[in-house]
Amino acid sequence: MFSRILIANRGEIALRIIRACKELGVETVAVFSEADRNASYLHLADDHICIGEAPSADSYLNIARIIAAAEIADVQAIHPGYGFLAENPHFAEVCRDCKIAFIGPDTETMGKLGDKIEAKRIAKAANVPTVPGSDGPIADVEEAVKLANQIGYPVGIKAAAGGGGRGIRAVHNEATLRGSFRQAQIEAEVAFGDGRLYMEKWIESMRHIEVQILGDNHGNLVHLWERDCTVQRRRQKLIEESPSPALSEEQRQAVCEAAARLCRQAGYTNAGTVEFILDLSSGEFYFMEVNARIQVEHPVTEMISGIDLVKWQLRVAAGERLDFTQDQVPRMGHAIECRINAEDPEHNFRPCPGRIDVYVPPGGPGVRLDSHVYQGYTIPSTYDSLIGKLLVHRPTRAEAIQTMWRALGEFQIHPVKTTVAMHQHVLGHPTFLSGQFDTGFVEKHVLAK
C-alpha cells in the first residue's frame, strides 16, 4: 500500500478520499485554490498546498502545478477524484512519466474508452448491444442528412469526446438537423477541443442504467450491480438508486454481465462505470459510454454491496488483488442518493453561491451524508454547486423512500437556495413511487408543475 498520496480535487470527493486513506493508514496531501482556502477538509489532510487562483485552469486543471505539488510533497500516487483531470489520459501519462502512480485505469485504456466512437467499437467486439447508428465520425452535414434518412428520425447527434451531456442534440427532421449539427460541433470543439460527431437512433422513452465495475491488475474483474440514474435534468443526474425498479432479474443479470464483458475486452483496471440506455418501448438495453473513474454516485453501490470503492481504488493501484469473486458480491437492500445542490429549481436551476448561515444536517438510522460544507462556509461561484450527497439505505425501496423523505425534511440550509424541496416533491410523486418513469420525468412532472 502507498504511504502518502496527493488528492488532485476538491469538495466532498476530496474529503471522501481523505477518510478512506485515514482508515488505510495512508497519509494525504490536499491541494487547493485560493477559493478553497477555508475548506474544512484541508485540516484533515496531513498536508495541504495552494496550487493557484480560483479559476480551474489556474489550479485544479493545471497539470504542471499539480505535478509540482506532488513532487514537493514527495507522494507516491495521485488520486484524481471525479471531474477536472480524472479522465484526462495526458494527465495519467504525465503521472506515469514522473514515476507517480495514477489511481485509476491506465492511460491507454482511458484514451480508448474516452473516445465514444472507439468505445462503441470495443462494445461491439465484446458482443454488447449498441444503438443503431454511424460506425465512425460523420464527415459533414450532408453525410449526416443521408445517414439520418437511412436510420429514420428522430436521431441523436453526439460528441465523440467528453461528457456531461454537452455536444448532444436530438433531431426530429432534416430542417433542424442542419442547424443542430453545426451547433453540436461548435459546442464539442469549445468544451472538449474535439469537434468530431457521430449519430445514433434517438430513443425517446428510456431509462438510464449504469453498472459499477472493479478490476485489478491480475486479470480479476467483477461488476458490483447496477444503479438507476433516470431522474435527471438536461442529462445531469439528480437522484440515483439501486437496484433499478425498472429491471427484471433477467435484465439485471444481462446488463451487468454485458458491462463486465466490455471491460474485459478493453483490459480495464480499477473502478469504472459502464452506462446503458434501456429502451422502454422494446425492453432492450444498449451501450452508451464508459466513465473511466469513480463517480459522484459511487456511495449507492457501496451501501448495497458493503464494498468500499475508494479503498479498493487505492489497493488496486498499489498492485493488490481483489480478495472476492463475482459470486461473493452481495446485493443488500435498497439505496437512494439525492444530490443536494445550491441551485434554485424555480428559476431553471440557477446556481446560488453564497454564505451558509444555517446548516443542520440530517441523521438517524440508514442515513449517510457526504458533504464538505459547514455553517459559515461560503459556496464559491467558481465551481459546481454541489453541497453534498444525501443517501439512505433500507431493506426495501418503499422504506428507503420514506427514510429519504424524513431526512430531507430534517435538512436545514439557509439562506442559499437548494434542491432539497424539489427532491421531496419528486419522492412524493405517484409516478416516482410507482417506479415507472423515464428520463423526461423531471421536465414532465416537476418543472411543469
Side-chain angles (χ1 to χ4, degrees), residues 11-13 15-20 22-23 209-212 214 224-232 237-247 249 252 271 273 294-312 324 328-341 358-375 386-413 418-435 437 441:
E12 67 86 17
I13 188 59
L15 178 56
R16 170 74 184 88
I17 297 165
I18 289 170
R19 286 171 168 163
K22 280 186 177 295
E23 294 179 15
I209 307 293
E210 59 187 29
V211 179
Q212 180 69 56
L214 184 62
L224 279 68
W225 305 107
E226 90 286 357
R227 298 184 291 257
D228 192 312
C229 306
T230 300
V231 179
Q232 49 189 254
K237 301 164 188 172
L238 299 177
I239 297 177
E240 298 92 7
E241 61 180 310
S242 183
S244 170
L247 296 181
E249 283 303 314
R252 177 169 292 107
T273 301
I294 197 74
Q295 296 222 171
V296 178
E297 57 273 23
H298 75 272
V300 174
T301 293
E302 291 182 328
M303 297 185 91
I304 66 156
S305 69
I307 294 170
D308 189 312
L309 284 165
V310 177
K311 286 182 181 178
W312 271 109
F324 55 90
Q328 294 174 315
V329 178
R331 193 176 84 228
M332 305 176 291
H334 197 98
I336 301 175
E337 175 182 298
C338 290
R339 297 192 193 187
I340 310 301
N341 294 322
V358 176
Y359 183 74
V360 182
V367 176
R368 167 177 168 177
L369 178 63
D370 283 16
S371 177
H372 64 292
V373 310
Y374 54 89
Q375 187 165 311
L386 183 66
I387 291 174
K389 305 175 312 195
L390 180 59
L391 294 110
V392 299
H393 182 221
R394 307 305 284 162
T396 66
R397 184 173 190 262
E399 291 172 281
I401 291 172
Q402 290 172 341
T403 299
M404 180 62 81
W405 174 269
R406 186 265 299 168
L408 288 165
E410 292 180 8
F411 212 162
Q412 296 182 47
I413 309 170
T418 74
T419 54
V420 168
M422 181 218 67
H423 284 299
Q424 283 189 303
H425 175 69
V426 170
L427 264 70
H429 197 283
T431 302
F432 179 81
L433 292 171
S434 73
F437 50 88
F441 169 77

Distance (rounded to the nearest 0.5 Å) between Glu297 CD and Asp370 CG: 12.5 Å
Hey, are the side chains of Arg331 and Ser242 touching, using non-hydrogen atoms and a 4.5 Å cut-off? no
Using modelled atom types only, decide if a donor and an acceptor are shared between the side chain of Ser434 and the backbone of Thr431 within a distance under 3.5 Å. yes
With side chains defined as the heavy atoms from C-beta onward, is the minimum distance between Ile294 and Ile17 less than 4.5 Å? no
Donor-acceptor pair, side chain of Thr419 and main chain of Arg339, under 3.5 angstrom: yes
Out of curiosity, Trp405 CH2 to Ile336 CD1, how far, rounded to the nearest 0.5 Å? 13.0 Å
Are Ser371 and Ile387 close enough that some pair of their side-chain heavy atoms sits under 4.5 Å apart? yes
Under 4.5 Å between any side-chain heavy atoms of Leu390 and Val420, yes or no? no
His298-Gln212 side chain donor-acceptor pair, cut-off 3.5 Å: no
Mind checking whether Phe432 and Phe437 have ring centres under 6.0 Å apart? yes
So among Glu241, Met303, Met404, Glu240, which one has a side-chain contact (heavy atoms from CB on, under 4.5 Å) with Leu391? Met303
Donor-acceptor check, side chain of His372 to backbone of Glu12, threshold 3.5 angstrom: yes or no? yes
Can you tell if the side chain of Phe411 reaches within under 4.5 Å of the side chain of Thr418, non-hydrogen atoms only? no
Of all the heavy-atom pairs spanning Val310 and Ala20, show the shortest one and how long it is. CG1-CB, 3.7 Å
Answer whether the closest heavy-atom distance between the side chains of Val211 and Glu226 falls below 4.5 Å. yes
Answer whether the closest heavy-atom distance between the side chains of Asp228 and Ile209 falls below 4.5 Å. yes
Between the side chains of Lys389 and Glu302, is the shortest nitrogen-to-carboxylate-oxygen separation below 4.0 Å, so that they form an ion pair? no
Do Arg227 and Thr301 get their side chains close enough for a donor-acceptor pair, meaning under 3.5 Å? yes
Distance from Glu337 atom CD to Leu238 atom CG, nearest 0.5 Å? 11.0 Å
For the residue pair Phe441 and His429, categorise the inter-ring angle as parallel (less than 30°), tilted (30 to 60°) or perpendicular (more than 60°). perpendicular
For residues Ala407 and Val367, report the shortest heavy-atom separation together with the two atoms involved. CB-CG2, 4.2 Å
I'd like to know if the side chain of His393 reaches the main chain of Met332, judged simply by a donor and an acceptor atom lying under 3.5 Å from each other, with no hydrogens or angles considered. yes
When you check the gap from the basic side-chain N to the acidic O, do Arg19 and Glu23 get nearer than 4.0 Å? no
Return the NE2 to CG distance between His425 and Leu427, rounded to the nearest 0.5 Å. 11.0 Å
Here the gap from Leu408 atom CG to Thr403 atom OG1, rounded to the nearest 0.5 Å, amounts to 11.0 Å
Please examine the side chains of Ile413 and Ile340, heavy atoms only from C-beta on, and report whether any two atoms are closer than 4.5 Å. yes
Taking every non-hydrogen atom, the tightest pair across Trp225 and Pro330: NE1-O, 3.2 Å
Gly333 versus Pro243, closest heavy-atom pair with distance: O-CD, 3.4 Å
Full working for side chain to side chain contact (heavy atoms under 4.5 Å, CB included) between Arg394 and Gln402: CA-CA 9 Å; Arg394 307 305 284 162; Gln402 290 172 341; over 6 Å; no
Sub-3.5 Å donor-acceptor pair from the side chain of Arg397 to the main-chain atoms of Leu433, do we have one? yes
